[in-house]
Protein chains: 2
Amino acid sequence: MSRQIKVCEVGPRDGLQNQPYQIPVQDKYAWIVLLCKAGISSLEVTSFVHPQAIPQLQDAETLVELLDSSLSHFSVLIPNQRGLERFLACENRDAIDEIAVFTAASETFNQKNIRCSIDESFEKSTKIVAAAQKLGKRVRGYLSTAFYCPYEGKIDLEQSLSILRRLFELGCDEVSVGDTIGLAQPQETKVLFARALEEFPAKQLAGHFHDTYGMALSNVYACLDLGISIFDSSVGGIGGCPYAPGASGNLATEDLVHMLDRMGMKTGIDLEQLIEASVFIESKTQSLPSKVFQALRQKKSFK
Amino acid sequence: MSRQIKVCEVGPRDGLQNQPYQIPVQDKYAWIVLLCKAGISSLEVTSFVHPQAIPQLQDAETLVELLDSSLSHFSVLIPNQRGLERFLACENRDAIDEIAVFTAASETFNQKNIRCSIDESFEKSTKIVAAAQKLGKRVRGYLSTAFYCPYEGKIDLEQSLSILRRLFELGCDEVSVGDTIGLAQPQETKVLFARALEEFPAKQLAGHFHDTYGMALSNVYACLDLGISIFDSSVGGIGGCPYAPGASGNLATEDLVHMLDRMGMKTGIDLEQLIEASVFIESKTQSLPSKVFQALRQKKSFK
């Protein structure tokens, strides 16, 4: 089962947006450089979301201007027309290889999270995708609450699949299927991804799991079994979603890379160097929940 | 795949032996009662280990005298002849349904952990098993470091299987196969258990996983797939092994029960009542690493 796995680091966007205060942009950049040095080759750096909605990411333009495109494959999330305009105004926009757009399988979650219906989210995304394609950029779609919604509970499988189809029809090159509140267990994950694979190739499907209840790696394992080879994670496990009660953490990149390493999969990421990036961001934010981070840091103190 | 799963709670023994100080025996007993009320039907309460080796469990006799056999299926670990004598001297020994004996697949780990060779551990266990059988008690064997040893590294599969066979030949009714330092990934877990199942029925094999690197539930999932239906865990995730550097925690019973619940498996355990037992022991010991405990406790504070 040994093969190449693409790890999409979402910490600088999905992780930092959930911090209680804003991290200085120089620290964000220093962290991103450490992540790139560790071998992270796919990195979502920020979101051009309204500064009042998520003040933690209000420095999106400044951050983009700092980036060196040779370091990694960089992505930014663009939620709406205003965000697109802000991105297009960046002098260094060529440093960004990929634009990400967002929707959810749950109507209520979309309303609470981005204050529009699912249909409206597609209307907004249509222009963003067209602009991205015009610039020659790759497009990533996020399908949030694909399994469970904090407001609606269990999401119907057919509903998730129909939104997934619409994201590909929209022009997405890849869709990240998200267990936003961490309630999916590996069997249901397997069912949804198996259905998705009947229509779309594995290279276009990513698994985005939250470790709220400790099941993220089990879901990754279930996906690997099916041939899925793209997974989202956040260094140290920081982050979550401010609008999803209980969503207390993304799958930690260390935990993901460690398991993949042990399974003989190739990620191109050096775990020890990754831990250095975690130590850095922990010093700027919060205690990091990653099990591997805690275990390896403890081991170092044994020496 | 829905079926009955036996959860063996090892917190009072495997969890408490790793605490920096001794918990008062009345607190241990109150905790055990809470665990039984939550539906824990298989519970290892203590070890008759030498008080100087593990002072945290020096109250083994006092604890056994307090137990009411109608509450659960109770087990005690007996490491040697002196421990057996101490157990046999307990007036309330009938409250104990099962005797557990211990060995490891790694020679070095056995030497460091119980200061004898694998062969010597079997010599010691022979008399203990005979005494247990004479008393009509069930016998559980622990096969530690079945995958990895903190001193020897990767353990040869054939070596683990040969020790497993010897434990059954010794008279064990059930053997708990342990990933003592949490390094096994689900594929290798699957390989070992699949081999074991060629020789022994699923009802005699338990999975004992440590969540040091976050892979315990992935290993449980791999085992479930094979038909394994017995898993060890520790409420809150407390414990580990004082002689295994980095072994920072048993799989948390909450995390296990939560995933099994969501998979439609039957455990007979009430998760909310289990959390009450966790809240209690946390107040007496340490911050508990269980993800489910943290998430559900947070949710309660939302209300």
Side-chain angles (χ1 to χ4, degrees), chain A residues 1-2 147-148 150 154 181-190 210-225 237 240 245-249 251-252 254-265 271 287 289-303, chain B residues 1-2 147-148 150 154 181-190 210-225 237 240 245-249 251-252 254-265 271 287 289-303:
Chain A
M1 196 153 100
S2 171
F147 300 91
Y148 290 91
K154 173 92 179 142
I181 55 172
L183 278 180
Q185 46 89 350
Q187 281 178 327
E188 53 199 338
T189 295
K190 214 161 181 170
H210 279 220
D211 210 22
T212 322
Y213 303 93
M215 295 188 291
L217 283 181
S218 306
N219 285 315
V220 168
Y221 175 60
C223 281
L224 286 170
D225 234 11
S248 56
L251 169 58
E254 296 94 316
D255 295 8
L256 174 63
V257 169
H258 176 268
M259 188 172 87
L260 293 171
D261 276 356
R262 298 207 75 85
M263 293 177 86
M265 308 274 179
L271 193 54
S287 168
S290 162
K291 292 248 179 197
V292 169
F293 175 64
Q294 287 168 16
L296 294 188
R297 188 170 50 174
Q298 272 178 22
K299 275 199 175 170
K300 280 202 172 170
S301 69
F302 266 99
K303 284 172 191 168
Chain B
M1 196 153 104
S2 171
F147 301 89
Y148 289 91
K154 174 92 178 143
I181 55 171
L183 278 180
Q185 45 89 351
Q187 281 178 326
E188 52 198 340
T189 295
K190 215 161 180 170
H210 280 221
D211 210 22
T212 322
Y213 302 94
M215 295 188 291
L217 284 181
S218 306
N219 285 314
V220 168
Y221 175 60
C223 281
L224 286 169
D225 234 12
S248 58
L251 168 59
E254 297 93 316
D255 296 8
L256 174 63
V257 169
H258 176 268
M259 187 172 86
L260 293 171
D261 277 357
R262 299 207 75 86
M263 293 178 87
M265 309 273 179
L271 192 55
S287 168
S290 163
K291 293 248 178 196
V292 169
F293 175 63
Q294 286 168 16
L296 293 187
R297 189 171 49 175
Q298 271 179 21
K299 273 202 177 169
K300 279 201 171 170
S301 69
F302 267 98
K303 283 173 191 169

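Given the structure is predicted, the values throughout are model-derived calculations rather than measurements. Chain A is the first sequence line, chain B the second, and so forth, proteins listed ahead of strands; every chain is numbered from 1.
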Problem set entry | Spacing of A/Q294 atom CD and B/T212 atom OG1 [to the nearest 0.5 Å] | 11.0 Å

Problem set entry | Inter-residue atom distance A/D225.CG - B/K190.NZ, 0.5 Å rounding | 5.5 Å

Less than 4.5 Å apart, any side-chain heavy atom of [X] and any of [Y]?
X      : Y      : answer
A/P186 : B/M259 : yes
B/Q187 : A/R262 : no
A/L183 : B/H258 : yes

Problem set entry | Shortest non-hydrogen contact between B/D211 and A/K291, atoms and distance | O-CD, 3.0 Å

For this session: Mind listing the closest non-hydrogen atom pair of A/Y213 and B/L217 along with its distance?
Result: O-CD1, 4.1 Å

Exercise. Hey, what's the ring geometry for B/Y221 with A/Y221, parallel, tilted or perpendicular (30° and 60° as the breaks)?
Worked result: perpendicular

Seminar exercise, completed: A/S290 meets the side chain to side chain donor-acceptor pair (under 3.5 Å) criterion, sequence neighbours left out, with A/D255

Problem set entry | B/A184: partners by side chain to side chain contact (heavy atoms under 4.5 Å, CB included), with sequence neighbours left out | B/F147, B/D179, B/E188, B/T189, B/N219

